[in-house]
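Excluded from the calculations below are hydrogen atoms, water molecules and symmetry mates; all remaining heavy atoms, backbone and side chain alike, are included. These numbers come from a predicted model, not from an experiment.
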Amino acid sequence: MYSPSISGVAANSESGSRIFVYEVEGMRQSQATDQISNPIRRSGSVFISVPYDRMNQEMRRIARMGGRIVSIRPSNSAPETNGKVAPEAGLQSQKSGEETKPMTQAKEKVQVPVNLYKPANPYIGKCISTEELVREGGEGTVRHVKFDISGGNLHYLEGQSIGIIPDGTDKNGKPHKIRLYSIASTRHGDDVDDKTVSLCVRRLEYKSPETGEKVFGVCSTFLTGLQPGDDVKITGPVGKEMLLPDDEEATVIMMGTGTGIAPFRAYLWRMFKENNPDYKFRGLAWLFFGVAYTPNILYKEELEQLQREFPDNFRLTYAISREQKNADGGKMYIQNRIQENADQLWELVQKPNTHTYICGLKGMEGGIDEGMSAAAGKYGVDWAAYQKQLKKDHRWHVETY
């Protein structure tokens with residue numbers, strides 16, 4: 001629900017104060033009316049008043065509810081409706097027999113939201129659920145945490161990040177600084193209702209170089225320790241480097257380790273699970289996922305289910321370093337899998353609509369470059385120069401930490 005007082009967007013700004021009226025046909029209004037088969041239920045139009053700042057989200061909501069937008073007009077030029085208001089606030093019934101001019105249907109051009117909420121005025125979300133992702137026998141703690149963001153104007157795209165400000169203060173008595181986390185849900189959220197955002201968080205653990213004692217990361221411990229109902233301060237979203245291409249026929253190669261799976265989960269859920277009328281993926285998605293042990297394969301059941309359901313569009317390749325051996329008898333890392341699939345990868349990377357994404361620990365980049373160098377070298381191509389061109393063409397995307 002849009003609320004300028006909550007969102008932090010000035011309600012009296014030039015854009016924020018503008019209201020538009022969507023004329024919509026075929027809109028489902030409630031669970032009760034959805035069951036009505038009478039032709040009257042499916043006839044006529046409804047008129048929905050929408051603030052400028054919520055236009056994109058409302059378009060997506062209408063599409064998911066089976067509606068078709070036939071016109072958009074400023075509120076001061078809305079058609080005469082004789083004051084007959086539909087049961088739902090903001091909806092008005094079209095006069096019987098009134099003809100409407102159909103609007104040309106086109107793909108929505110989505111604007112990239114950036115810094116809707118800043119550290120000085122963060123959005124206060126609420127933890128809805130938290131789920132442990134590491135199974136018995138695995139290392140560490142990784143949790144999938146879902147937050148309610150329905151009370152403001154926080155929205156995002158796949159591949160973006162949000163900032164988290166943990167509760168409490170640092171050793172100097174000052175509020176903790178924000179930490180950025182890649183979003184693990186699609187723009188519509190895990191519940192496909194535009195009301196949630198999810199993160200995949202590993203609790204950071206390390207030994208103090210000074211004392212040798214075990215130290216836990218401040219923000220990761222805060223997030224993995226949240227309980228349903230707890231508040232959390234959220235900033236952002238930020239980031240444009242890891243956005244998915246609009247091309248539904250694209251080839252998307254993903255290389256990730258550990259919680260670097262987060263943006264890739266968002267991609268895959270959008271591609272294969274949302275059933276979104278505005279985005280029907282028909283290309284190829286190939287995920288290379290590196291972990292230490294099988295129990296550390298995050299979202300394992302869901303990933304393997306997608307592979308079974310979409311064998312022609314989704315490939316899943318694991319690199320399990322402590323359990324699998326490479327061709328030389330050493331540990332199996334992502335770069336080894338790249339070398340094994342060099343011919344196919346090189347063929348795919350040369351396609352103009354192929355995008356490659358890398359997310360995870362910074363040290364993985366060298367290994368991937370090593371693997372891709374071997375792949376390109378088989379065809380007499382200098383990988384460093386070729387990669388430079390891929391980056392220039394915005395087809396090689398990296399987010400490491």
Side-chain angles (χ1 to χ4, degrees), residues 122-150 154 156 158-168 176-193 195-206 214-237 242 254 256-269 273 287 289-306 318 320 359-361 399-401:
Y123 176 79
I124 307 302
K126 193 173 291 292
C127 177
I128 297 176
S129 63
T130 176
E131 175 190 0
E132 178 60 52
L133 298 177
V134 177
R135 294 173 302 285
E136 185 177 355
E139 286 186 335
T141 294
V142 181
R143 302 195 75 85
H144 181 81
V145 191
K146 182 167 66 173
F147 303 107
D148 180 0
I149 57 170
S150 61
L154 181 61
Y156 56 91
E158 299 80 16
Q160 289 194 292
S161 299
I162 55 173
I164 301 295
I165 305 176
D167 288 348
H176 290 296
K177 295 181 180 179
I178 69 168
R179 272 75 162 183
L180 292 177
Y181 290 87
S182 297
I183 295 171
S185 52
T186 77
R187 67 191 69 184
H188 300 302
D190 287 346
D191 300 326
V192 200
D193 59 4
K195 295 181 180 180
T196 68
V197 63
S198 299
L199 299 179
C200 176
V201 183
R202 179 183 183 87
R203 185 176 65 180
L204 176 62
E205 302 178 19
Y206 61 96
K214 182 178 289 188
V215 179
F216 297 96
V218 172
C219 196
S220 62
T221 299
F222 167 73
L223 286 172
T224 55
L226 286 173
Q227 296 298 317
D230 289 347
D231 288 341
V232 61
K233 294 184 284 292
I234 302 174
T235 67
M242 297 287 284
M254 298 160 280
T257 57
T259 55
I261 189 70
F264 304 149
R265 178 187 186 268
Y267 300 167
L268 294 169
W269 266 233
K273 297 191 72 169
L287 172 62
F289 190 21
V291 296
Y293 299 100
T294 296
N296 285 94
I297 300 175
L298 310 177
Y299 308 108
K300 183 176 184 291
E301 291 77 12
E302 293 94 331
L303 291 172
E304 293 176 3
Q305 181 180 349
L306 290 181
Y318 294 134
I320 307 175
C359 189
L361 296 175
E399 185 173 86
T400 54
Y401 41 84

Tell me if a side-chain donor or acceptor on [X] pairs with a main-chain N or O of [Y] at a distance below 3.5 Å.
{"X": "Arg203", "Y": "Thr141", "result": "no"}
{"X": "Ser220", "Y": "Leu204", "result": "yes"}
{"X": "Glu158", "Y": "Arg187", "result": "yes"}
{"X": "Tyr156", "Y": "His188", "result": "no"}

To the nearest 0.5 Å, what is the distance between [atom1] ([X]) and [atom2] ([Y])?
{"X": "Leu298", "Y": "Asn296", "atom1": "CG", "atom2": "CG", "result": "7.0 Å"}
{"X": "Arg265", "Y": "Asp190", "atom1": "CZ", "atom2": "CG", "result": "4.5 Å"}
{"X": "Leu180", "Y": "Leu199", "atom1": "CG", "atom2": "CG", "result": "10.5 Å"}
{"X": "Ile183", "Y": "Cys200", "atom1": "CD1", "atom2": "SG", "result": "13.0 Å"}

Report summary line: Sequence neighbours excluded, the answer for side chain to side chain donor-acceptor pair (under 3.5 Å) partners of Lys126 is Asp231
Would you say the side chain of [Y] lies within less than 4.5 Å of the side chain of [X], judging by non-hydrogen atoms?
{"X": "Thr196", "Y": "Ser185", "result": "no"}
{"X": "Leu361", "Y": "Tyr401", "result": "yes"}
{"X": "Thr259", "Y": "Tyr181", "result": "no"}
{"X": "Ile297", "Y": "Arg135", "result": "yes"}
{"X": "Leu226", "Y": "Phe147", "result": "yes"}
{"X": "Val291", "Y": "Thr257", "result": "no"}
{"X": "Lys177", "Y": "Val218", "result": "no"}
{"X": "Lys233", "Y": "His176", "result": "no"}

Requested in this report: Using the six-membered ring wherever Trp is involved, compare the ring planes of Phe289 and Tyr318 and label them parallel, tilted or perpendicular (cut-offs 30° and 60°).
Outcome: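 Because their plane-to-plane angle lies in the 30° to 60° range, the rings of Phe289 and Tyr318 count as tilted.
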Requested in this report: Could you point out which residue of Asp193, Val192, Asp191 forms a side-chain contact (heavy atoms from CB on, under 4.5 Å) with Lys195?
Outcome: Asp193
Report task. For Thr224 and Arg143, test the side chains for any donor-to-acceptor distance below 3.5 angstrom and give the result as yes or no. Result -> no
